[in-house]
Amino acid sequence: MWNSPSPPAIKSEPEEDNGLWEEERSTDGSKWKFLEHKGPVLAPPYEPLPGHVRFFYDGKLLRLSAPAEEVATFFAKMLDHEYTTKEMFRKNFYKDWRKEMTSEEKSKITDINKCNFTEMSEYFKAQSEARKQMSKDEKLKIKEENERILQEYGFCVMDNHKERIGNFRIEPPGLFRGRGDHPKMGMLKRRIRPEDIIINCSKDSKHPKPPQGTRWKEVRHDNKVTWLVSWTENIQGSIKYIMLNPSSRIKGEKDWQKYETARRLKKCVERLRAQYREDWKSKEMRVRQRAVALYFIDKLALRAGNEKEEGETADTVGCCSLRVEHIKLYSKMDDQEYVVEFDFLGKDSIRYYNKMPVEKRVFKNLQLFLENKQPEDDLFDRLNTSILNKHLQELMDGLTAKVFRTYNASITLQQQLKELTSPDESIPAKILSYNRANRAVAILCNHQRAAPKTFEKSMQNLQTKIDEKQKQLSATRKQLKGAKTEHKASHDDRSKKKAVQRIEEQLMKLQMQATDREENKQIALGTSKLNYLDPRISVAWVKKWDVPMEKIYNKTQREKFAWAIDMAEEDYEF
DNA sequence: AGCGAGACTTGGAAGTATTTGT
DNA sequence: ACAAATACTTCCAAGTCTCGCT
């Protein structure tokens, strides 16, 4: 439930609101006054393998020390995964594994290819199988224990409200699996101890206790930030946090603010577009580059594209970091003129491939930017995200590159819903329309997924069901006809008619489902729904067409978007 | 301006729980 | 009642953007 002071139910910007919230928090940048929590749940300590599970090196049995064994089990657990066949993964793992070995182990184990982890791997497979086969009682016990931990560690108190914490467990040790071609894949992600952990809470709260015999790295009282716990991770050296659940007041308000910023962009986007079109003609190269980049961000919903440290991460790019090799220009392609072909790896190494006809002026500018450059050179050599965002900030308060993604995603949903929803169609048909509108956004944002492993089979199953339903329908229809000619009792006739109608409906629903699933094969809807689409658009749509809210948002989503469900009426306009 | 640290949002896959069909 | 299918949740990596420092 939305049990904290909700954002006011008005359609104004947060900063225009002069209610309690503004008075209490906004001016000095503090995020809370009181914060109390129980600290994190640490990863369970390592449990050595039972004696019968053996490790072999070069065909010979080798008993490993506990630290070496633990790291070996990380590898063994992943043995079935493609990862463990990759040279980089194996090399990085082996290097880090050696650091955990005794000097004796180090001298014996000299080649990862002679290591045999299969018994360990089999053991873990058997374990997980056994877990599945547990009795109801045992499963219930585990569930209850998890619930107890959730109740104890899963909540905190922030300013008089009990709030759900997002991730209250410290990440367990294991092998780092980067995405795409990551130079650090396979490295050991080390165990986080209390001594690595910084606690953030208010001075006057009951501080979380470290486990017996240990201490926290630090306990601080910083109310300018929202996190409860942090630690530094050893792969990239970056900081990880424990923060509140999306259902919390602090996240909800931030989310709301994000969409209000996007709505302010809506009001001035035409002005900005006119501006960057003008800038395509600028005398200054940096201005032209900025303007073309902004055009891409606006039109294609590209990400900003910060610079990345070479060799630290997979080689991926966004708009500002595009390189010459990522685009191709075609002054003519089929029946179109001035086509730009994009082909690059974006966030999470997901491929972005697109061909877009652009205006002549953009095309000419791109040709200019490409002059005398090598494939690995930056396309926009006079531009980076900091320059771009500084410019955007001058055009509109709070404007950054990512606001365009939010704006274009939300406006697309709204417009698609308008276009696709027909007033007299059934609820399942309306839901198909909704999903299609959602899909249009996911495609715009390039949210792709690997087709589910069971996709083909699940399509087949659905088709079988459809065929059966079809047969059932024609059979029932025949019966109805027969009944008519035989002048059967009229009430029997009526109920047959109803039966036909019901079966028709069921058939339609199945067909709808099949279409939806097919179209969704390689599209991931989750991210746009959760992060880009102003929930008030969906809430308004649901109210307008009397579609049950649960068909669009599940429980978690309804909790996250409680503010919007509260706020939006059917006439809401993004 | 350029940087690195820090804080916070966004991302798909994997794992788990629930529902469905038999 | 069971297993298969589907829906939901967790996991944790990888982005964006701000800020303080030089």
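Here is how names work: the chains are called A, B, and so on, in the same order as the sequence lines, proteins then strands, and each is numbered from 1.
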[X] side chain near [N] phosphate (N/O to OP1/OP2, under 4.0 Å):
| X | N | result |
| --- | --- | --- |
| Asn306(A) | dT16(C) | yes |
| Tyr532(A) | dT9(B) | no |
| Lys184(A) | dA13(C) | no |
| Arg405(A) | dT9(B) | no |
| Thr226(A) | dC8(B) | yes |
| Arg303(A) | dG11(B) | yes |
| Thr385(A) | dT16(C) | no |
| Lys240(A) | dA7(B) | no |
| His182(A) | dA14(C) | yes |
| Thr316(A) | dA14(C) | no |
| Asn461(A) | dA5(C) | yes |
| Thr527(A) | dT10(B) | no |
| His81(A) | dA13(B) | no |
| Asn531(A) | dT9(B) | no |

Under the criterion side chain to side chain donor-acceptor pair (under 3.5 Å), I'd like the reasoning laid out for Asn438(A) against Ser528(A): C-alpha separation, chi angles, the key distance, then a yes or no.
CA-CA 8 Å; Asn438(A) 192 163; Ser528(A) 50; 3.1 Å; yes
Is [Y] paired with [X] through a side-chain N to carboxylate O contact shorter than 4.0 Å?
| X | Y | answer |
| --- | --- | --- |
| Arg191(A) | Glu70(A) | yes |
| Glu456(A) | Lys521(A) | yes |
| Glu152(A) | Arg148(A) | yes |

Minimum-distance nucleotide to [X] side chain [options: [options]]:
| X | options | answer |
| --- | --- | --- |
| Asn389(A) | dC17(C), dT9(C), dC8(B) | dC17(C) |
| Ser458(A) | dC12(C), dG15(C), dT6(C) | dT6(C) |
| Lys453(A) | dA14(B), dA5(C), dC8(C) | dA14(B) |

Is the ring pair Phe344(A)/Tyr352(A) parallel, tilted or perpendicular, if the boundaries are 30 and 60 degrees?
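Plane angle under 30°, so parallel.
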Rounded to the Å, how far apart are [X] [atom1] and [N] [atom2]?
| X | N | atom1 | atom2 | result |
| --- | --- | --- | --- | --- |
| Gln236(A) | dC12(C) | CD | P | 15 Å |
| Asn554(A) | dT6(C) | CG | C1' | 13 Å |
| Ile523(A) | dG12(B) | CD1 | P | 10 Å |
| Lys132(A) | dA4(C) | NZ | C1' | 12 Å |
| Asp315(A) | dA14(C) | CG | C1' | 14 Å |
| Lys77(A) | dA14(B) | NZ | P | 17 Å |
| Glu559(A) | dC8(C) | CD | C1' | 12 Å |
| Lys224(A) | dC8(B) | NZ | C1' | 17 Å |

Per the atom types in the model, does the base of dT10(B) pair as donor or acceptor with the side chain of Lys402(A) at under 3.5 Å?
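Absent.
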Pick the nucleotide of DNA chain C nearest each of Gly180(A) and Arg517(A); which residue has the one closer to the 5' end?
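By nearest-heavy-atom nucleotide position, the 5'-most residue is Arg517(A).
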I'd like to check Asn408(A) versus Asp298(A) (side-chain heavy atoms, cut-off strictly below 4.5 Å). Are they in contact?
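They are in side-chain contact.
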Any non-hydrogen side-chain atom of Tyr241(A) less than 4.5 Å from a side-chain atom of Val225(A)?
no
By the 4.0 Å heavy-atom rule, please label Gly305(A) as base, sugar-phosphate, or nothing.
sugar-phosphate
Need one value for Gly318(A): base, sugar-phosphate or nothing, where a base atom within 4.0 Å counts as base even if backbone is also close, heavy atoms only.
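Result for Gly318(A) = nothing.
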Does either side chain, that of Asp397(A) or that of Gln393(A), offer a donor lying less than 3.5 Å from an acceptor on the other one?
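Checked: Asp397(A)/Gln393(A) side chains pair up, N/O donor to acceptor below 3.5 Å.
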Test item: side-chain donor near acceptor, Ser538(A) and Tyr434(A), under 3.5 Å:
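Tyr434(A) and Ser538(A) do have a side-chain donor-acceptor pair below 3.5 Å.
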Polar atom pairs (N or O), protein with nucleotides 15-22 of chain B, under 3.5 Å:
unit_1, atom_1, unit_2, atom_2, d
dG21(B), OP1, Lys465(A), NZ, 3.1

